[in-house]
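For the numbers below, each heavy atom of this structure counts, side chains included, while hydrogens, waters and symmetry mates do not. One is the number of the first residue; the rest follow in order along the sequence.
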Amino acid sequence: MKSTIHELRLQKNISVSKNIFFALIIIGQFSYAQNKIAKDTTKTEQHLEEVIVTANRVVTKRSEIPVSISKLTAKTISETKPTGVYEVINKTSGVLMVNLGNEQHAMAVRQPISYSSYFLYLEDGLPIRPLGVFNHNALLEINQFSLNNIEVVKGPVSSIYGPEAIGGTINFITQNPTLYPTFKVGIQADQFGYKRMQVAGGATVGKVGFYVSGLTSEQKNSWLAASDYDKNNINLRMDYAITTNTKLIGTFMQGKYYSQTSGSINEETFYSRNYSSTTDFTYRKSDALRTSIKLNHNWNDKSESFITIFHRDNKLGQNPSYGIRWTPGQTTAKGEINSNNFKSYGVLAQHSQKFDFLKSNLIIGGLFDRSPNDYYSNQINLKANLNPGGQSVNTYENLGENGVKLANYNAIIKNSAGYLQYSFNVIDKLKFTIGTRFDQMNLTYTNNVGIVASGEKEYSQLTSKVGLNFNLNRNIGFYTNLAQGFAPPGLTAIFRKKPNTGTATVPAEFYYNLSPAKFNNYEIGGFLNLKKNKLTVDYAVYYLQGKNELLSIRQPDNSTDYQSAGETQHKGIEFGVNYIPTQEWHFRIGGTNAKHKFIDFKVSDKTTDPVQRLDGFEMPSAPKWVGNSEVSYYPKWLPNFRTAIEWQYVSSYYQDQINTVKYGGYNFFNARIGYTYKGIEIYTNIMNLTDKLYAYNVTKGNNTSDKATYTVSAPRTFMMGIQYNFDLKK
């Protein structure tokens with residue numbers, strides 16, 4: 001019966017998506033009819049690497065930004081043809097986006113592999129989530145087919161973007177309306193039951209431009225048991241040129257996602273390549289809506305303002321496999337069903353003013369975001385079917401809810417912020433940048449678990465940065481910065497009961513009293529352009545000091561206890577090298593060498609000592625080396641043909657906080673081949689080319705009896721696709 005319900009839902013989603021798909025085709029044909037006489041009078045597109053939007057919310061030359069920032073261009077995204085955004089994000093030096101299956105993910109940017117709220121995810125410059133409602137899986141909502149480019153800032157940019165912009169900030173910039181009618185449609189599939197249809201098109205008609213893109217994907221009966229999923233997304237942007245200096249921009253995004261969650265596996269199952277699952281009832285689902293209206297005005301060539309009104313409506317529900325609590329040898333277990341829903345209404349405004357004095361520039365802006373948030377988590381009973389010997393589980397059975405509430409709250413989050421940034425040139429080659437931002441988060445809540453209580457919480461913080469750029473010439477540049485960042489604890493951590501605190505009345509001490517995490521970043525870096533830009537080098541050396549960093553400690557029954565570390569330290573070097581000796585050959589080498597450790601941290605371990613000090617210990621899930629490199633070949637003898645080999649490397653790391661056992665890490669290869677003829681592009685991506693066995697992530701609790709869990713990687717996968725690209729200009 002459950003399978004039938006899932007199939008009906010899947011068929012319904014596919015039917016809706018097909019209607020969207022064919023509607024987009026009609027729109028594309030209409031745009032062609034309306035614009036068939038348009039002529040090109042604009043200059044060719046400038047090099048995208050030269051300008052950046054994300055660092056200051058305005059177009060800025062990369063050489064004038066005192067931070068480490070990378071841009072993944074439309075060409076890179078198009079040639080990658082990613083099924084999940086991690087496939088393209090990982091091409092950025094210093095970044096590891098961990099694939100957890102079915103577009104679910106974790107992140108590591110100047111942090112260990114983390115599920116914490118130290119990464120800010122943006123879509124067209126607006127945060128995907130409100131403050132306090134971070135979700136490490138938020139990027140599964142991204143429409144890969146709508147992307148024009150991706151900008152990745154490494155390190156804190158809280159002085160502009162506020163809380164959570166600490167380890168990294170990733171801005172997914174969707175496609176602008178095209179001047180000429182463009183249209184593309186494609187399908188792709190692999191041998192493991194994955195299929196995707198996608199379509200996009202845009203044009204400009206008089207003063208109105210638009211671009212619309214949609215995709216529908218599904219996976220059934222894959223290599224991994226209980227891993228079916230389906231996803232449907234549509235993005236729309238419309239621009240209206242009120243005058244030559246004033247533009248109104250509207251955006252719309254809607255996405256629906258449903259996935260079974262097979263969960264991690266034990267060591268024996270992993271090494272035997274037994275891709276089974278202990279559950280067939282766990283799931284994750286998302287229903288997301290984001291809209292915005294932006295009014296942008298250029299007063300003159302030195303003055304620009306914008307105001308954006310935005311709305312978010314998000315529902316995220318799950319019966320998570322990680323929520324299963326089981327004690328070895330027992331025939332019963334516990335699980336949970338939870339739902340996290342919010343609606344946001346906000347406004348963002350900014351003004352940028354240039355001055356002749358010292359060639360300076362002032363940016364001043366403000367934000368108000370009101371987000372009602374509701375959350376509940378209800379416990380369910382499970383039957384644990386044991387393997388022979390009783391030390392592991394073969395399968396779990398869902399016996400239904402038992403009336404125990406793990407969490408249930410209603411909250412209204414209000415985030416008010418103001419920021420300013422001033423940059424100026426002492427001499428032509430030396431630019432200083434100073435910035436500061438004040439954030440205030442007000443939280444009005446009603447906690448409905450145990451003793452019902454209402455109240456208010458407030459978190460406020462002033463964050464600042466100082467940086468300078470020294471550009472010796474167009475080919476050699478340096479920068480340095482001192483920047484601060486902070487992140488208040490997430491609401492689910494604040495209002496969720498601590499493990500093993502009973503089910504009757506719930507006094508305040510049964511909840512977490514967590515302080516905001518604060519960070520100071522010290523950094524130097526630079527760039528080199530050599531051999532007439534055929535060889536480019538980027539590098540950054542950083543020292544990131546954290547206080548009150550929120551950490552999770554796995555308990556013997558697989559539950560999680562939260563603690564704030566007194567102090568942590570993150571330091572490393574990031575580097576990227578691009579070499580293009582000829583038009584045919586492109587070489588890219590990127591990576592990071594980093595060390596993440598506890599400076600002041602103590603953890604309870606109930607099976608050994610009451611308290612263990614971990615000062616000087618390495619943090620878990622923190623590989624010292626991460627690298628991604630690629631060789632691409634574009635033969636002159638076969639125009640419009642491309643091929644590339646990509647190498648991903650992750651070194652060993654500790655599985656637990658007390659540094660008793662390591663996972664050996666992994667490396668693997670991907671290959672991509674494509675050929676375009678008269679607008680028809682045929683391609684194949686061979687992922688995990690050598691069919692290597694590895695795990696995306698391996699973790700273990702601090703107790704000696706705890707067993708490691710493995711998030712298994714996919715075997716060699718052949719992704720085949722065909723796409724038709726139409727551009728009237730061409």
Side-chain angles (χ1 to χ4, degrees), residues 13-14 17 20-21 24 48 70-92 95 97-105 107 121-124 128 136-152 170-176 182-190 194-202 211-219 229-237 251-259 284 286 288-290 628 644 646 670 672 674 681 683-685 687 714 717 719-725:
N13 287 339
I14 293 172
S17 301
I20 295 172
F21 189 82
L24 289 171
L48 292 174
S70 300
K71 188 162 191 171
L72 296 159
T73 66
K75 179 176 182 293
T76 299
I77 298 170
S78 177
E79 292 185 356
T80 302
K81 295 289 191 296
T83 55
V85 293
Y86 68 90
E87 292 180 26
V88 66
I89 292 292
N90 284 338
K91 296 178 184 292
T92 307
V95 176
M97 184 176 176
V98 180
N99 174 24
L100 300 179
N102 293 2
E103 302 189 44
Q104 300 162 110
H105 56 86
M107 192 66 73
Y121 302 138
L122 310 172
E123 186 175 54
D124 293 325
I128 292 176
H136 67 90
N137 280 312
L139 299 187
L140 60 80
E141 299 169 7
I142 293 295
N143 177 356
Q144 303 93 309
F145 207 55
S146 71
L147 299 177
N148 184 52
N149 56 78
I150 305 170
E151 294 179 353
V152 182
I170 304 178
N171 189 8
F172 295 87
I173 301 172
T174 58
Q175 177 66 53
N176 293 339
T182 60
F183 178 68
K184 55 183 180 179
V185 58
I187 57 173
Q188 59 189 69
D190 68 19
Y194 176 86
K195 296 185 287 290
R196 189 169 92 190
M197 297 186 297
Q198 50 206 10
V199 62
Y211 195 86
V212 61
S213 60
L215 66 80
T216 176
S217 59
E218 68 167 355
Q219 177 175 280
Y229 90 104
D230 56 85
K231 173 178 174 177
N232 300 274
N233 277 73
I234 184 168
N235 284 67
L236 171 65
R237 170 170 168 164
T251 66
F252 172 89
M253 172 273 175
Q254 185 173 33
K256 292 182 181 293
Y257 173 95
Y258 178 89
S259 175
R284 176 171 287 110
S286 171
L289 173 70
R290 293 189 287 272
N628 185 286
E646 178 186 33
N670 299 322
R672 296 180 175 90
E681 182 180 12
Y683 60 91
T684 181
N685 295 343
M687 313 303 291
T717 303
M719 179 64 67
M720 308 291 292
I722 183 170
Q723 182 171 305
Y724 174 66
N725 304 293

Any side-chain heavy atom of [X] within less than 4.5 Å of one from [Y]?
{"X": "Ile150", "Y": "Ile170", "result": "yes"}
{"X": "Tyr194", "Y": "Thr717", "result": "no"}
{"X": "Tyr86", "Y": "Leu100", "result": "no"}
{"X": "Gln144", "Y": "Gln198", "result": "no"}
{"X": "Ile173", "Y": "Asp124", "result": "yes"}
{"X": "Ile142", "Y": "Glu103", "result": "no"}
{"X": "Glu79", "Y": "Tyr683", "result": "no"}
{"X": "Met253", "Y": "Asn143", "result": "no"}

Rounded to the nearest 0.5 Å, how far apart are [atom1] of [X] and [atom2] of [Y]?
{"X": "Met197", "Y": "Gln188", "atom1": "CE", "atom2": "CD", "result": "12.0 Å"}
{"X": "Met97", "Y": "Lys91", "atom1": "CE", "atom2": "NZ", "result": "14.0 Å"}
{"X": "Thr83", "Y": "Leu215", "atom1": "OG1", "atom2": "CG", "result": "11.0 Å"}
{"X": "Arg237", "Y": "Gln175", "atom1": "CZ", "atom2": "CD", "result": "9.0 Å"}
{"X": "Phe172", "Y": "Ile89", "atom1": "CZ", "atom2": "CD1", "result": "4.0 Å"}

Checklist entry - Does Tyr257 have any ring pair (Phe, Tyr, Trp, His ring centres under 6.0 Å) partners at least two apart in sequence or in another chain, and if so, which? => result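 Counting only residues at least two positions away or on another chain, Tyr257 forms a ring pair (Phe, Tyr, Trp, His ring centres under 6.0 Å) with Tyr229.
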Report the residues that fulfil side chain to side chain donor-acceptor pair (under 3.5 Å) with [X], sequence neighbours left out, ordered by chain and then residue number.
{"X": "Thr80", "result": "none"}
{"X": "Thr684", "result": "none"}
{"X": "Thr76", "result": "Thr73"}
{"X": "Asp190", "result": "none"}

Checklist entry - Asn685 and Asn670: side-chain contact (heavy atoms from CB on, under 4.5 Å), yes or no, with the steps? => result CA-CA 7 Å; Asn685 295 343; Asn670 299 322; over 6 Å; no
Grab the two heavy atoms, one from [X] and one from [Y], that are nearest each other, plus how far apart they are.
{"X": "Tyr121", "Y": "Ala138", "answer": "CD1-CB, 4.1 Å"}
{"X": "Pro82", "Y": "Arg196", "answer": "O-NH1, 3.3 Å"}
{"X": "Val88", "Y": "Ile77", "answer": "CG2-CG1, 4.0 Å"}

Can you name the side-chain contact (heavy atoms from CB on, under 4.5 Å) partners of [X], sequence neighbours left out?
{"X": "Asn137", "answer": "Gln104, His105, Asn135, Leu140, Arg284"}
{"X": "Thr92", "answer": "Ser70, Leu72, Val95, Val152, Lys154"}
{"X": "Phe252", "answer": "Ile234, Leu236, Gln254, Leu289, Thr291"}

Does [X] have any salt bridge (charged side-chain N to carboxylate O under 4.0 Å, His left out) partners at least two apart in sequence or in another chain, and if so, which?
{"X": "Glu681", "answer": "Lys81, Arg642"}
{"X": "Glu87", "answer": "Arg672"}
{"X": "Arg290", "answer": "Glu123, Glu141"}

Item to check | Steps toward side-chain contact (heavy atoms from CB on, under 4.5 Å) verdict (Asn233, Lys231) | outcome: CA-CA 7 Å; Asn233 277 73; Lys231 173 178 174 177; 3.0 Å; yes
Checklist entry - Under the side-chain contact (heavy atoms from CB on, under 4.5 Å) criterion, do Thr174 and Tyr211 qualify, and how do the steps go? => result CA-CA 9 Å; Thr174 58; Tyr211 195 86; over 6 Å; no
Item to check | Thr182 vs Lys184, side-chain contact (heavy atoms from CB on, under 4.5 Å): CA-CA, chis, key distance, verdict | outcome: CA-CA 7 Å; Thr182 60; Lys184 55 183 180 179; over 6 Å; no
